[in-house]
2 protein chains.
Amino acid sequence: MATTEGQELAAWARMLADSTRATVCLALIDGRAWTATELAQLAKVSRPTISEHLNVLVDGGLLTEVRQGRHRYVRLAGPETAELLEELAALAPRSTEVATSLAAASKRDAFARARTCYDHFAGKLGVALTDTMTERGLLDWSEGVAITSKGLRWLDELGIVVDSHRGRPAVRSCLDVTERRPHLAGAVGAALCRHALGHGWVTRIPGGRALRVSGAVAELGLPDGTVRELRSRV
Amino acid sequence: MATTEGQELAAWARMLADSTRATVCLALIDGRAWTATELAQLAKVSRPTISEHLNVLVDGGLLTEVRQGRHRYVRLAGPETAELLEELAALAPRSTEVATSLAAASKRDAFARARTCYDHFAGKLGVALTDTMTERGLLDWSEGVAITSKGLRWLDELGIVVDSHRGRPAVRSCLDVTERRPHLAGAVGAALCRHALGHGWVTRIPGGRALRVSGAVAELGLPDGTVRELRSRV
DNA sequence: GGGACGCTTCGGCTGGGGCCGAACTGTGGG
DNA sequence: CCCACAGTTCGGCCCCAGCCGAAGCGTCCC
């Protein structure tokens, strides 16, 4: 007998139904490739254990792996996967955190201010950049979202190369979890993020997806006030 | 120690990680309230078993229940839940169905043509209705989606009452799983669906979410050609 | 070649989750 | 008042998934 729709959904959900695997997947939303040992440390389990978990996730199509020498690198299978995980993580929170430490609060602040969502910008930074690009006529939202010829010229002037392989759409809208408004995703979103990271306009804050924003981020055309706000309080 | 984000996500996913529970949730996407016994029959498990599963889902916030006399009615907690399930079910399909029976094919056809997505229309019908409303200036997509004053007047003329309680947005865009284009959701989408069902313009095909479309659906302003297409092949 | 290192396989332990039948509770109807 | 019926609780069964330590495999580097 054919597998029913319910069985398929259950099989899929089962991949995330273990806290070790869920932790791994959430960590991978940063879009980078992690080694098995790194993930074992993160999830606080032994290497044999993480090895099995990664097998499950790769076999299930949630992750892809690249073997390089004696290393096993895994990453999320694609942007759609990351977006779905973001949504799930946002919808799951029945955590009624009452007393929060100062450290946790400032961490959450940094997360809300600027972070990566898989391979593009999110948080206040992501939304502000999207807004600015729209105001400057670089994006057109009349029918979904599209990049204008002016937008393409702008990318060119910045020296940003967009590789839109495998039919990935150039631009795509992605709902921001903290801002509840759309930010820019797609190949262009990824290219902008890669460019800014490569030039040190933003840098990753270790241990999470949060970003530290430097003044040079103004190169992306953001208003001075916005840049100042994004940089305040470290 | 506080529960980590990974544990929360895992706890949430665990609700769907059982094929019986997953089957139940998918059945409930039709937006109706089902009794425990009905669901037990559907999922082919005993009544004690379904009772426990429903406890899990209600406690987890995925379902809400109403007790009426000796009956226990459950339904999905809300439209967002339904939409998330739709997305998950659409992303999960690693089913490589090769040989499909004629019955299954015609069933899938009916499903793609017209169905409910929780409490609003989906499939070709949902997308066509959304397009028509947009062309006639009843919806405005310049910034997200909104209903125009002309749209409100149209609803009034049809005698459709929109109850937008608990701050549910009047209109909302929901990605159609089969058409891969947005269709109308939100309180207005629900009201249109309820109205059409109530007047017999569409009727449910038993055993699923698919709808049978009558010629009277033209009352919603759909072009003749579209109506004919939606009605063809039963 | 040999040792360090990243990862995997294997065996065995353990807990928890899903399932049912039987018995129980509570509601509704004649 | 008694029976039919919806749903629940209880006890017990079984299976599987997650975990680890020990041992094995393959790669890199000196």
Side-chain angles (χ1 to χ4, degrees), chain A residues 1 3-4 6-28 32-75, chain B residues 1 3-4 6-28 32-75:
Chain A
M1 132 153 196
T3 60
T4 70
Q7 286 170 330
E8 278 175 33
L9 176 55
W12 198 92
R14 202 170 299 122
M15 291 196 283
L16 295 178
D18 172 86
S19 61
T20 301
R21 286 197 295 266
T23 303
V24 165
C25 289
L26 290 176
L28 291 174
R32 285 179 291 182
W34 293 53
T35 67
T37 303
E38 283 169 347
L39 291 170
Q41 287 165 349
L42 173 84
K44 298 192 177 62
V45 292
S46 70
R47 272 174 290 190
T49 302
I50 208 72
S51 177
E52 281 164 28
H53 282 310
L54 294 182
N55 284 342
V56 171
L57 292 169
V58 170
D59 290 348
L62 214 68
L63 267 46
T64 55
E65 67 176 25
V66 178
R67 307 263 177 167
Q68 248 173 54
R70 53 188 173 183
H71 293 276
R72 177 192 202 177
Y73 291 99
V74 293
R75 54 173 8 130
Chain B
M1 128 148 198
T3 59
T4 70
Q7 286 170 330
E8 278 175 34
L9 175 56
W12 198 92
R14 201 170 299 123
M15 291 196 284
L16 294 178
D18 171 86
S19 62
T20 301
R21 287 197 294 267
T23 303
V24 165
C25 289
L26 290 176
L28 291 173
R32 285 179 292 182
W34 293 54
T35 67
T37 303
E38 283 169 347
L39 291 170
Q41 286 165 349
L42 173 83
K44 297 191 179 66
V45 293
S46 69
R47 272 175 289 191
T49 302
I50 208 71
S51 177
E52 280 164 30
H53 282 310
L54 294 182
N55 285 340
V56 171
L57 292 170
V58 170
D59 290 348
L62 213 69
L63 266 48
T64 55
E65 68 177 25
V66 178
R67 307 265 177 167
Q68 249 173 54
R70 52 187 175 183
H71 293 278
R72 177 192 203 177
Y73 291 99
V74 294
R75 54 170 10 128

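Below, read A as the first sequence line, B as the second, and so on, with proteins coming before strands; counting in each chain starts at 1.
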Please write out the pairs of protein N or O atoms and N or O atoms of nucleotides 12-17 of chain C separated by less than 3.5 Å, giving the distance to one decimal.
none

- Between D:dA6 (P) and B:Glu65 (CD): distance, integer Å: 17 Å

- Set of residues satisfying side-chain hydrogen bond (donor to acceptor under 3.5 Å, both in side chains) with respect to A:Ser46, sequence neighbours excluded: A:Thr49

- Task: Specify the separation, in whole Å, of atom CG of A:Leu57 and atom P of D:dA17.
- Result: 14 Å

- Message: With salt bridge (Lys or Arg N to Asp or Glu O under 4.0 Å) as the rule and sequence neighbours excluded, what pairs involving residues 60-73 of chain B come up?
- Response: B:Glu65-B:Arg67, B:Glu65-B:Arg72

- CD on A:Glu52 to CZ on A:Arg47, rounded to 0.5 Å: 14.5 Å

- Query: Separation of B:His71 atom NE2 from D:dA4 atom C1', in whole Å?
  - Reply: 12 Å

- Item | Candidates B:Val45, B:Thr35, B:Val74 - the one meeting side-chain contact (heavy atoms from CB on, under 4.5 Å) with B:Ile50 | B:Val45

- Distance (rounded to the nearest 0.5 Å) between B:Leu16 CG and A:Trp12 CH2: 9.5 Å

- With a 4.0 Å heavy-atom cut-off, tell me which residues in residues 44-53 of chain B come close to DNA chain C, sorted by residue number. B:Val45, B:Ser46, B:Pro48, B:Thr49, B:Glu52, B:His53

- Query: Using a cut-off of less than 4.0 Å, is there contact between a side-chain N or O of B:Thr20 and OP1 or OP2 of C:dG18?
  - Reply: no

- A:Leu39 CG - D:dG18 P separation (whole Å): 16 Å

Contacts under 3.5 Å, N or O only, protein and nucleotides 27-29 of chain D:
from	atom 1	to	atom 2	distance (Å)
D:dT27	O2	A:Arg70	NH1	3.3

- Can you tell if the side chain of A:Tyr73 reaches within under 4.5 Å of the side chain of A:Arg75, non-hydrogen atoms only? no

- Can you tell me if the side-chain N/O atoms of B:Arg67 get under 4.0 Å from OP1 or OP2 in D:dT8? yes

What donor-acceptor contacts under 3.5 angstrom involve side-chain atoms of residues 17-24 of chain B, with partners at least two apart or in another chain?
from	atom 1	to	atom 2	distance (Å)
B:Asp18	OD2	B:Thr20	N	2.9
B:Asp18	OD2	B:Arg21	N	3.1
B:Arg21	NE	B:Met15	O	2.7
B:Arg21	NH1	B:His53	ND1	3.1
B:Arg21	NH2	B:Arg14	O	2.9
B:Thr23	OG1	B:Ser19	O	2.6

- For A:Leu54 and A:Leu63, run side chain to side chain contact (heavy atoms under 4.5 Å, CB included): C-alpha distance rounded to whole Å, both residues' side-chain angles, the deciding distance at 0.1 Å, then the answer. CA-CA 8 Å; A:Leu54 294 182; A:Leu63 267 46; 4.1 Å; yes

- Partners of A:Arg32 by salt bridge (charged side-chain N to carboxylate O under 4.0 Å, His left out), sequence neighbours excluded? A:Asp30

- Note on the structure: The bend of the helix from C:dG1-D:dC30 to C:dG30-D:dC1, taken between the axes of its five terminal pairs at each end and rounded to 10°, is 30°

- From CG of A:Leu54 across to P of D:dC19 the rounded distance in Å is 12 Å

- Message: For the OG1 atom of B:Thr4 and the CG atom of A:Leu26, what is their distance to the nearest 0.5 Å?
- Response: 8.5 Å

- Item | Protein-nucleotide distance (B:Asn55, atom CG; D:dG7, atom P), rounded to Å | 12 Å

